[in-house]
Amino acid sequence: MEKQVIQSVGFRNIYDNGKAVGFQLKLRLPYYRGVFLSQIKPGSLTVDGETFAKEQVIWRINGEDYTAEGMRQNWHTHWHPLEPAILIVKKEGGLCQGYHDIQYGFCVTHSYMPPEMEKLSDPEKQEIVYFPEFGHNQHKRRMLIV
């Protein structure tokens, strides 16, 4: 996998019966131990200035699809750091060919972090204290669909 959280491999449109119905991208977990889905606080996804709420983004982990709410309640499914997650967004027509500016943030909770500190983590904002291994920052990348 690449160093960046947003992976270049796997960024593409999704088709149903030859018609683009959305797009997907892959994320790597920037934490060496892995996490359970209930530890992930997903944020919204922005592509070329268009924002998709966290409720519009489906996470595919270990071949299974999860909503943000479904992840919050799932304490038994583990996201391994060597397996990318696939984020799926339904969008009629998908994305046009060319470059796209992607921004996505998510937070990950840990048992050893003080609860008061975790209350401050917001996947929609850049953190004051930079903890890339916790996924506490907004990730940006320019990606190409051909």
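Val9 and Tyr104 are not part of a single hydrophobic cluster, where members link through side-chain heavy atoms under 4.5 Å apart. Under the 4.5 Å side-chain heavy-atom criterion for Ile, Leu, Val, Met, Phe, Trp and Tyr, Ile6 and Val47 are members of the same hydrophobic cluster. Residues Tyr32 and Leu29 are members of one and the same hydrophobic cluster, defined by side-chain heavy-atom contacts under 4.5 angstrom among Ile, Leu, Val, Met, Phe, Trp and Tyr. Follow the hydrophobic side-chain contacts under 4.5 Å out from Val146 and you reach Tyr99 in the same cluster.
In this structure a side-chain-to-backbone donor-acceptor pair under 3.5 Å is present from Gln56 to Ala53. Of the possible donor and acceptor atoms, none in the side chain of Asp65 sits under 3.5 Å from a partner among the backbone N and O of Thr67. Although no hydrogens or angles enter the test, the distance criterion places a donor-acceptor pair under 3.5 Å between the side chain of Gln24 and the main chain of Gly10. Put simply, the side chain of Asn62 gets close to the backbone of His78: a donor and an acceptor are under 3.5 Å apart.
Between atom NE2 of residue His100 and atom CG of residue Leu144 there is a gap of 7.5 Å, rounded to the nearest 0.5 Å. In this structure, CH2 in Trp59 is found 5.5 Å from CG in Leu87, a value given to the nearest 0.5 Å. To the nearest 0.5 Å, atoms CZ (Arg141) and CD (Gln4) are separated by 4.0 Å. To the nearest 0.5 Å, the span separating CD on Glu83 from NZ on Lys26 amounts to 9.5 Å. Atom-to-atom distance recorded for Leu27:CG and Ile86:CD1 is 10.0 Å, nearest 0.5 angstrom. Rounded to the nearest 0.5 angstrom, Ile14 CD1 and Lys90 NZ are separated by 9.0 Å.
Legend: residues meeting side-chain hydrogen bond (donor to acceptor under 3.5 Å, both in side chains) with Ser8, ordered by chain and number and at least two apart, are Glu2.
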Trace of the side chain to side chain contact (heavy atoms under 4.5 Å, CB included) decision for Asn74 with His76: CA-CA 6 Å; Asn74 187 320; His76 57 274; 3.6 Å; yes
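The stretch residues 3-28 participates, sequence neighbours left out, in these ring pair (Phe, Tyr, Trp, His ring centres under 6.0 Å) pairs: Phe23-Phe52. Pairs passing the salt bridge (charged side-chain N to carboxylate O under 4.0 Å, His left out) check and including a residue from residues 4-24, sequence neighbours excluded, read Lys19-Glu92.
Contact detail for Ile61 and Ala85: the closest heavy-atom pair is CG1-CB, 3.9 Å. When all heavy atoms of Ser38 and Arg72 are compared, the closest pair comes out as CB-O, 3.5 Å. Across all non-hydrogen atoms, the minimal contact from Trp79 to Pro84 is NE1-C, 4.0 Å.
Between Leu25 and Leu45 there is a side-chain heavy-atom pair separated by less than 4.5 Å. At a threshold of 4.5 Å between non-hydrogen side-chain atoms, the residues Tyr66 and Thr77 count as touching.
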